Every structure is written in structure tokens, then in C-alpha cells.
Protein chains: 4
Amino acid sequence: MARRYDPDRRQRLIEAAIRVVGEHGIDGLTHRRVAAEADVPLGSTTYHFASRDDLLHAALRQTGKEWLAGAELWERSIDPGVPFVDELVRLLQESLSGDRRRARLEYELYLAALRHHALRPQAAECLDGLATLLRRRTPDDATARALAALLDGLMLQFLLTDREAGSQEIRGMLTGILGAAQVVTPGR
Amino acid sequence: MARRYDPDRRQRLIEAAIRVVGEHGIDGLTHRRVAAEADVPLGSTTYHFASRDDLLHAALRQTGKEWLAGAELWERSIDPGVPFVDELVRLLQESLSGDRRRARLEYELYLAALRHHALRPQAAECLDGLATLLRRRTPDDATARALAALLDGLMLQFLLTDREAGSQEIRGMLTGILGAAQVVTPGR
Amino acid sequence: MARRYDPDRRQRLIEAAIRVVGEHGIDGLTHRRVAAEADVPLGSTTYHFASRDDLLHAALRQTGKEWLAGAELWERSIDPGVPFVDELVRLLQESLSGDRRRARLEYELYLAALRHHALRPQAAECLDGLATLLRRRTPDDATARALAALLDGLMLQFLLTDREAGSQEIRGMLTGILGAAQVVTPGR
Amino acid sequence: MARRYDPDRRQRLIEAAIRVVGEHGIDGLTHRRVAAEADVPLGSTTYHFASRDDLLHAALRQTGKEWLAGAELWERSIDPGVPFVDELVRLLQESLSGDRRRARLEYELYLAALRHHALRPQAAECLDGLATLLRRRTPDDATARALAALLDGLMLQFLLTDREAGSQEIRGMLTGILGAAQVVTPGR
DNA sequence: GATGAATGAGAATTCATTCAT
DNA sequence: TATGAATGAATTCTCATTCAT
């Protein structure tokens, strides 16, 4: 019954916490639910994570790391012979295909920094990590950061509206905006 | 004790709810706090808004409407003699200057749709409203929607990282991305 | 929309109240639910039935009356050529066949008199009504009342245990007890 | 403030719950009242009995056990030299003498199974327990169960109508019904 | 007469956290 | 070190009832 010696418990609790957020949202993250999800006594969760915020923190750190790892994988798999825009389309489409629960979960944790100051460094790290990756394909830092913002905005647009993310559609949006310099200032 | 007759109470409750979200976040939106904020009995809030979700709904509807009105104001004030990019810079800077609490509040409600299905139509309305406005300045729908996504992404980037939003910096990001068509696929 | 003139509303409310008790139990009988069930404004239920107890009262009065009417129908349909025990079996079986919700509802209201003094006269009326009917087939009042008790006890036994009420089984129980005089005092 | 260590608390809560039902009825069984009755903090009742149903369950289990123990005591005290009917009269009269609050309480909990499915096994256990006891004095199972039903019905009749339960009267009813085999089918 | 609004009380639950063991 | 028990605060929600219209 009682796992007297259980060195990975902390990690297992983090993973349980992430599943709990996925299921019940950030508001629904409680010691009790994590304990139940990890099949561990309640006291154990409060022992390893004294406060609810500690749990939240650890959850964001973990998903952020995993998400960034995924982005790096994408970056390393880029085919130089393929237009970069198409690689961006692939990134977005992969994130939005299948059930979107994972993407929603990641964004929910990431955006929680909007309110919780303590999470902002964590969120910034994700953002900067992506920008750094993108920087290898952009002429300057500003463009890389803007591209990161665009990707976030597009992801959210699909997640918020529940619209299908067809590759033609994504492609249209990306090419539209990326080549928009002349367009939006027609008077020029 | 209090007014037995109070025809505007419902609206006052909505405004109180928005202030509560601003102060305590969405998780902190409770009937009790709204009652206290609006100075009405607790039962009155549950009478007008049977569930917490009803309250949340009304709050998003209201801020969404106000935000869209602000965007329209901006659009109507656009000076055709000024490069459109600069008008976009102005929009972002105005939203991010001063204390950012209002912007955070609006985004928090807007992004709540990520988890709460019921709010998605509301969020989509905001998004589409902005895209419609922008459409007057873009060659096609896709570009308008992409531009809306970009603006969201940029707003979030500043809000999440707590970075200053200088007009030069914003300008750099916008011009970088808008003219990025050639750049990101240098080989072409 | 508003039924300005609606003379049968009181009766419709009673019937709605009975349905509510059937669905939610006596504890679940509330003005609100009755209003919803009868599709009538809340204020209308409190107007016609000032208190919850009034509603409960009316509901018991009505089901008691209907139940007694059913019993009388049974009594009048008794075939003199058939052993009376078989007619009792028929009565029980009919009450327990199909879904037992109606029977449960009637007993729930009837037994509420156990706690609510005010309902006792009503319950006594049902009991005495049945005893009076049975009296036509028993040698004296005491036997009639005892038979009424037996029938109640048997009904409850089947309702409480959820057991099937086969006619052979009921018959066995009835004949066992009715001829038990000699048996239970074997020494006599 | 109160005892941090209190090993019998659970049991004390059950007893408090039974007193609360006795005082306020099943509908009146609330965590709050139990807490007050047992003089423990509200949170303690919800800790030990997460839901109102758990409380109800425990209360019925306890009274059922006690009631059955009483019945066994009666059975063991039966005098073989006395007609069994008189022993039945004694059982009923003892249960109905003095204040009938205990009897009402027991029946209220027992009959709650009518609505609450989850309580039915508990109620069935009481019923079967009594039938088993009676079986030692009846020729077959059916008669034992019918006798149990008769006793229930008689108890309820007195409890519902508030009539005095004189021993002559009870005796008359019992002998009437037990010897009714010939009577109710006079034509036979 | 009829009714929508209002109100205050109280319901079940859930919880973070503390503490004795 | 780990943990079950305990606690007090807060949550949503439902309600009977009252009252102004």
C-alpha cells in the first residue's frame, strides 16, 4: 500500500498536476485532486509542494520545457529546400491537429502569467526560447520576436474560435501578413 | 434596508464583476465579492446571475463590447496621410501605456474562452470584429485575420514579459514582420 | 404569455406538485420547482399556496383521494366466485407491477405523516377508508384494520427491497399469515 | 481550541446524526446541525462524512443494528408457555408505549429507503433480520416474511394515526388476521 | 388579483493549510 | 520523513418568503 521509498514521487506529482490542469483548468488545480490523480496521500502533496502556487509553478516549468523541446525538434527538422513559410504552416498545423487539449493546456498555463507575476519569468523564458530559435531564420531580433508573437496570435485564434486549421488557410494568413509591408500602406 | 427598487442593479452588478476580475482575476470572481463591490446583498447577485458562469459571460460581453468600441474609435481616427504601420504602433502603444491593468483584464476575460467553451462565441465576436475593422486596410480577409492575430500576439508579449513598449521597438517589430515575405525565405 | 384568466391554476399547481414529489421527493418539493413544472410564475405558487406545507398538504390530499378511488374500484370489481385471497393478490400485484414510481410516490406522501403531525388526519383518512372497504369482507373491524396493516406492510416490503412481486409469492405470504392462527401457537 | 486528538469522533457524529434526525426529521439532517449537536467544528463532519448521504447511511446502519438487537432480545425472552400471539402483542406494545419518538425515528430512517436507492440494502437487512427471527416460530419463510410485514403495518398504523395501542386492541387485530384464513373466504 | 424583484438565511461542498503522531 | 486528521474559511447555489408595483 504505502510506498515507503519513492524517490520519483515529486516528479510524478508534477505530471499529475499537469493532468489535473488539463482536466479541470488552473482553477481546478488543488492538492486533493493531484493527490488523487497521482494516487498518493493528501499529506504527500502538501509536503512536496507547500502551496498551490508551488504546484502551478512546477507545472508551468514542466510544460514550458516540453513545449520548447518540441519547438526545437521542429526547428532542427526544417528542410532548407522548402519555403520557410511552409515549415511554419507545418508547425502550426501539427500543434492544432488531432485533439487540441494539449495545446490548450500549454496556453492556459503560459497565459496564467498574465495575472500571476511570479509566473512571468517562466513565460518569458518560453517566449524568448522560441524567438531565439526563430532568430536563425530572421534578419534581426525584432522580426524574430514579432514572428513569435504572430505564431502565438494565430494559435490562439484557432484555439479560441474552434475553427479548423487547414493548411491552405494557414498558409494564406501567413503569406498575407508576411508580405504585407507594401499592402497596408497603399499610399506609399 | 437597501433600495427595494433598483432598476439598474443588473448593469451595476456587471460593472462590479468586471472590477472584481480586474482585482482578483477570473478565479477570484465570486458572487460574494461582486455583492460586496456593488454593495448589494449576496442573494441579489445570485438572483440576477444564477451561476458564476453567467457572471463571467456578462463580464466578457461587456468588456468585449467596450474594447471593440475603442478599436472602432481608433479606426475612425486613422489619418490617411500617415503610414498605416504608424497607426498600428499608436494603437498598441495606447493600449500598453499607463497602467496595463485594463489591458490585462480584457485579455484575461478574452482568453478565458480557451477553457470555457461557452465563452468562445463571445471571444470569436471580438476577434472577428477587429478583423472586420482591419479588413478596410488589407487586401484580403486572410491578411486581416493574420493582422489581428499579430496584434494579439504582440499585446500578449508585452503583457506577459512586463517589458516596456517603446514606439521605436514596436515599430521595428511591425515593420520586420510585415515586410518579412522576402526575408524569411532568402533563398527564393 | 401571461394567462390573465386561469381558473384551474390551483388544480394544475397541485398536479405539478405531485409530479415534483415524484421526481425529487418530498424534500425536493419547492415553490420554484412547482412553478417551473406548471409553467407558471413563481409568485403564482406562493400566492395560491402561501407555504411549502400547504403544497404538501394539497398533494397528499389529492393522491390519497385518487388512491382510495382506485381501491374502491378494486373492491367493486371483486368476483364473489373467486377466493378473496386471490383478489388481494390481484390488488397487490397490480400496484407493484410496471414501474413502481406511482406506488412509491403515494407511500412517500402517506408516510410523511409519520413526522408531520398536520398530515396525520389525511393519512388516517386513507387508512380508515381502506379498512372500511375491507370491512365488507371481514368478520369484524379489528380484522379489517389488521388486513389493511398487512397490505401496507407487504407493499412496503416489496417497495423497500426492490424484490419482484410474483403472484405465487404474494399468495404464499398471504395464505401463510391468514391461516397462521394455529400454526404460530403450535402448543395449543 | 477543541481536542486535536479525538479517536471516537466518528461514532459520536453518528449518534449526533441520529439525534438530529429524531429532532428535525431526515430532511433536517444537515452537516451543520450534526456539528452543533456533537459540538465539533463544521469541517469535521464533512471530513468524516463527505456527503449528506453518507451521514444518512451511517445513521440508518446504526439504528437498524440497534433495532435488530432489540428484536433479538425480545425473541430470546419469549416464554414458551405463553401463546405466541401474546408475545407479539408485548413486542408491539413495548415499542409503542411511552413516547414514540424512538419508534418514529427508526421508521423514518427505515422508510427513507423508499426514495433513496442506496439505503435499500440496509433496509432489506433489517427486514430480513426480523424475518429470520420470526422464522423460528413460523412453519415457513413466506409466513415469517408476511408476519414481519404485518408487524410493520401495525406499527405504522399506530404511529400514523396517533391512536393508543391498548393490548386488548392489538390482540384483537392480531388474532383477527392470523385466524382469518377461513373467515375471508366464507363461501369456501 | 398577480407577479417579478429582492433578500437573508442556510444548504452541501471543497479547500489550503496546520498539526500531532 | 510522511501522513491522516482536523479545522475554519470560503464557495456556489437554492430557497421560503416578503414586498412594491
Side-chain angles (χ1 to χ4, degrees), chain A residues 1-7 9 24 27-36 40-55, chain B residues 1-7 9-10 13 27-35 40-55, chain C residues 1-7 9 24 27-36 40-55, chain D residues 1-7 9-10 27-36 40-55:
Chain A
M1 174 118 306
R3 228 174 301 259
R4 235 52 188 86
Y5 182 64
D6 185 359
R9 179 166 289 189
H24 301 278
D27 321 13
L29 177 64
T30 70
H31 282 119
R32 286 172 145 73
R33 281 209 253 249
V34 172
V40 144
L42 169 60
S44 184
T45 61
T46 61
Y47 176 72
H48 288 283
F49 299 91
S51 80
R52 195 185 156 281
D53 273 1
D54 291 343
L55 271 173
Chain B
M1 179 117 307
R3 286 153 282 241
R4 274 308 274 199
Y5 187 64
D6 183 358
R9 178 165 291 190
R10 212 190 131 84
L13 286 173
D27 315 13
L29 178 66
T30 71
H31 282 117
R32 281 175 139 72
R33 283 209 252 251
V34 172
V40 300
L42 173 58
S44 185
T45 62
T46 62
Y47 174 75
H48 287 283
F49 300 92
S51 79
R52 197 184 155 283
D53 273 3
D54 291 343
L55 225 35
Chain C
M1 174 121 309
R3 229 175 298 261
R4 234 51 186 89
Y5 182 65
D6 185 359
R9 178 166 290 190
H24 301 277
D27 322 14
L29 178 65
T30 70
H31 282 118
R32 288 173 143 71
R33 281 209 252 250
V34 172
V40 144
L42 170 60
S44 184
T45 61
T46 60
Y47 176 74
H48 288 284
F49 299 92
S51 79
R52 195 185 156 282
D53 274 0
D54 291 342
L55 271 173
Chain D
M1 179 113 309
R3 286 154 282 242
R4 273 309 275 200
Y5 187 64
D6 184 357
R9 180 166 289 189
R10 210 190 133 83
D27 315 14
L29 177 66
T30 70
H31 283 117
R32 285 172 137 71
R33 282 209 253 250
V34 172
V40 299
L42 172 57
S44 185
T45 62
T46 62
Y47 174 75
H48 287 284
F49 300 92
S51 80
R52 197 183 154 283
D53 273 2
D54 291 343
L55 227 34

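Each chain gets a letter, A, B and so on, in the order its sequence line appears, and its residues count up from 1. Small disclaimer: the values here were computed from a predicted structure and weren't measured.
Taking only side-chain nitrogens and oxygens, B:H48 comes nearer than 4.0 Å to OP1 or OP2 of E:dA6. One finds no side-chain N or O of B:R9 lying less than 4.0 angstrom from the OP1 or OP2 phosphate oxygen of E:dG4. For the pair C:H31 and F:dT14, the criterion of a side-chain N or O lying under 4.0 Å from OP1 or OP2 is not met. Taking 4.0 angstrom as the limit, D:S44 places none of its side-chain polar atoms (N or O) nearer than this to OP1 or OP2 of F:dA6. Contact check, B:Y47 against E:dT7: no side-chain N or O comes under 4.0 Å of OP1 or OP2. Residue D:R33 has no polar side-chain atom (N or O) positioned under 4.0 Å from OP1 or OP2 of E:dG10.
Taking 3.5 Å as the limit, the base of E:dA16 and the side chain of A:R32 contain a donor-acceptor pair of atoms between them.
Computed from coordinates, the C:H24 NE2 to F:dC15 C1' distance equals 14 Å when rounded to whole Å. Atom pair A:F49:CZ and E:dC15:P shows a separation of 18 Å (rounding to whole Å applied). If you take CG of A:D27 and P of E:dA16, they are 12 Å apart, rounded to a whole angstrom. B:L13 has its CG atom 9 Å from the P atom of E:dA6, to the nearest Å.
Here D:D54 contributes atom CG and D:T46 contributes atom OG1; the two are 11.0 Å apart, rounded to the nearest 0.5 Å. Expressed to the nearest 0.5 Å, how far NE2 of B:H31 lies from CG of B:L55 amounts to 5.0 Å. For the atom pair CG (B:D27) and CG (A:D27), the distance works out to 3.5 Å, reported to the nearest 0.5 Å.
Looking at heavy-atom distances under 4.0 Å, D:R10 makes no contact with the nucleic acid at all. Heavy atoms of D:L29 sit under 4.0 angstrom from primed sugar atoms or phosphate atoms, though from no base atom. Looking at heavy-atom distances under 4.0 Å, A:T46 makes contact with a base.
Partners of B:T30 by side chain to side chain contact (heavy atoms under 4.5 Å, CB included), not counting sequence neighbours, listed by chain and number: B:R32, B:R33. Legend: residues meeting side chain to side chain donor-acceptor pair (under 3.5 Å) with A:S44, ordered by chain and number and at least two apart, are A:R9.
Annotated stems with DNA chain F as a participant read E:2-21 with F:2-21, given as range with range, by first number; only runs of 3 or more Watson-Crick or G-U pairs under 3.5 Å qualify.
For the pair A:T45 and D:G43, nearest-nucleotide mapping onto DNA chain E gives the more 5' position to D:G43. A residue-by-residue look at C:L42 and D:V40 shows that D:V40 has its nearest nucleotide of DNA chain F further toward the 5' end. Comparing C:P41 and A:D53 by the nucleotide of DNA chain E whose heavy atom lies nearest to each, the residue mapping closer to the 5' end is C:P41.
Summarising the geometry of B:L42 relative to B:A35, their closest heavy-atom pair is CA-CB, 3.7 Å, with the distance given to 0.1 Å.
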